[in-house]
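These notes concern the structure reproduced below.
Residues: numbered from 1 along the sequence shown. All values below were derived from every heavy atom in this structure, side-chain atoms included, with hydrogens, water molecules and symmetry-related copies excluded.
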Amino acid sequence: MGQETYQLSVRYKDFEYAVAGDREFVDEHDKVVQSYLSKMMKEDLKPGPDRQGKISSTFEIEKNTLAPKPLPESGAGEKPDIQKYLENLPLNAEWQFTLAMAYYLSNFKQQPSFTAKMVRKQFREARHTVPNNIHLSVHTCVKKGYLQESDQQDLQKIYEVTDSGIAYIDTLLSSTSGVERESENESDSQDISSFNLENNPDPRMLERVEDQALSILYIYMKEFDRIHMSAKEVYEVLKKHFATEFSSKAIQIALSRSRPLVEKIKHEGQMHYQLTDKGIDHMETLLGNQV
């Protein structure tokens, strides 16, 4: 049986306070909150033109025993690699990456409560660029209802992922898994001859990773009427059919820095890449050199 958990919840006018933990932890916070309440009530009892000398009836305090908060079930070996986990999510804004890190902490590392400092540490463990202002990113998630403050310790706010935050990331994960299955099915139905490499740039003859990635966009546009593709889809084609040594992240970076030869577009919640007129001219120049 897990350790018994207690909750302290207080509301007095605009003042709200809530903590959860063992009995000793809650009792300590009980002393602190009672001190705050005492000061506020004394202020309310002072005579004044708009004061009746009575304590507001909005005062509520609840201190009770709760069942331990269940942790997400995760069997041994089910925690995904953090880089692969991020690659499977169509994220763009800093607050989205922050929420994804918080979700990873909560759902896969079984850390339901965390500070902004812990989220920053998770960015570094993932070798991902840390937001310029992690506290602002966390606050944005709170404003959107995806994170919530649950406590404060050593002058640091403690947060939890809300049900809405979990649903948001779960939706992104499920949508991308569907896209991957569709992409895999399409990829499996093709062999290298369908790429018509006699009339298209051959990625195996291109030295730059940027050109290899762009060549896939060009081939799929010409041969399969696919006007745009995600970086992951480009990576899967290069890996499966051309034995590329570049990582999925390298392909994404290559496409991102290939502007103005490509432009980014949003498709079903994912970032896709599409060749511009300059990009098409560039690939046809490479094709001419290849021939």
Determine, using ring centers only, whether [Y] and [X] are less than 6.0 Å apart.
X: Y85; Y: F108; result: yes
X: Y146; Y: Y159; result: no
X: H128; Y: F97; result: yes

Is a donor from one side chain sitting under 3.5 angstrom from an acceptor on the other, for [X] and [Y]?
X: T244; Y: Y235; value: no
X: D211; Y: H282; value: yes
X: Y220; Y: E233; value: no
X: Q274; Y: K264; value: no

> Is the closest basic N to carboxylate O distance between K232 and E236 below 4.0 Å?
Replying inline: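 Between E236 and K232 there is a salt bridge, with a charged N closer than 4.0 Å to a carboxylate O.
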> Charged N to carboxylate O below 4.0 Å: is that the case for R257 and E210?
Replying inline: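 A salt bridge is present here (some side-chain N lies under 4.0 Å from a carboxylate O).
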Shortest non-hydrogen contact from [X] to [Y]?
X: L86; Y: A126; value: CD1-CB, 4.2 Å
X: E125; Y: Q83; value: O-NE2, 4.2 Å
X: I251; Y: L238; value: CD1-CD1, 3.7 Å
X: P203; Y: L197; value: CD-CD2, 4.3 Å
X: L287; Y: N199; value: CD2-O, 3.3 Å
X: L255; Y: V262; value: O-CG2, 3.3 Å

Starting at [atom1] of [X], measure out to [atom2] of [Y] and round the result to the nearest 0.5 Å.
X: N200; Y: S215; atom1: CG; atom2: OG; value: 9.0 Å
X: D81; Y: E87; atom1: CG; atom2: CD; value: 8.0 Å
X: C141; Y: Y103; atom1: SG; atom2: OH; value: 14.5 Å
X: E207; Y: Q212; atom1: CD; atom2: CD; value: 9.5 Å
X: N196; Y: D202; atom1: CG; atom2: CG; value: 11.0 Å
X: M101; Y: R120; atom1: CE; atom2: CZ; value: 13.0 Å

Could you tell me whether the side chain of [Y] reaches within less than 4.5 Å of the side chain of [X], counting heavy atoms only?
X: H272; Y: K266; answer: no
X: V130; Y: R124; answer: yes
X: W95; Y: L136; answer: no
X: L105; Y: Q110; answer: no

Output yes when a side-chain donor or acceptor of [X] lies under 3.5 Å from a complementary backbone atom of [Y], and no otherwise.
X: T115; Y: M118; result: yes
X: S106; Y: A102; result: no
X: S113; Y: E160; result: no

> If you draw a 6.0 Å radius around NZ in K117, do more than 12 non-hydrogen atoms from other residues or ligands fall strictly inside?
Replying inline: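 No.
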Given the rule that I, L, V, M, F, W and Y join up when any side-chain heavy atoms are under 4.5 Å apart, are [X] and [Y] in one cluster?
X: F246; Y: L217; value: yes
X: Y104; Y: I158; value: no
X: I227; Y: M229; value: yes
X: F224; Y: V237; value: yes
X: I82; Y: I253; value: no

>> Let's go through L214 and L261 carefully: what are the C-alpha distance in whole Å and the side-chain angles of both, what is the deciding distance for side-chain contact (heavy atoms from CB on, under 4.5 Å) to 0.1 Å, and is it a yes or a no?
In response: CA-CA 8 Å; L214 294 177; L261 303 181; 3.8 Å; yes
>> Between F195 and K222, is the side-chain contact (heavy atoms from CB on, under 4.5 Å) condition met? List the steps.
In response: CA-CA 9 Å; F195 295 139; K222 290 289 188 181; over 6 Å; no
>> Show, in sequence, the C-alpha distance, side-chain angles and deciding distance for V138 and K157, and conclude whether the side-chain contact (heavy atoms from CB on, under 4.5 Å) test is met.
In response: CA-CA 11 Å; V138 169; K157 292 180 179 179; over 6 Å; no
> Can you check side-chain contact (heavy atoms from CB on, under 4.5 Å) on Y273 and V234, steps first, answer last?
Replying inline: CA-CA 10 Å; Y273 296 86; V234 172; over 6 Å; no
> How far apart are the C-alpha atoms of Q96 and Y168, what are their side-chain angles, what is the distance that settles it, and do they pass the side-chain hydrogen bond (donor to acceptor under 3.5 Å, both in side chains) test?
Replying inline: CA-CA 10 Å; Q96 289 179 311; Y168 181 86; 2.7 Å; yes
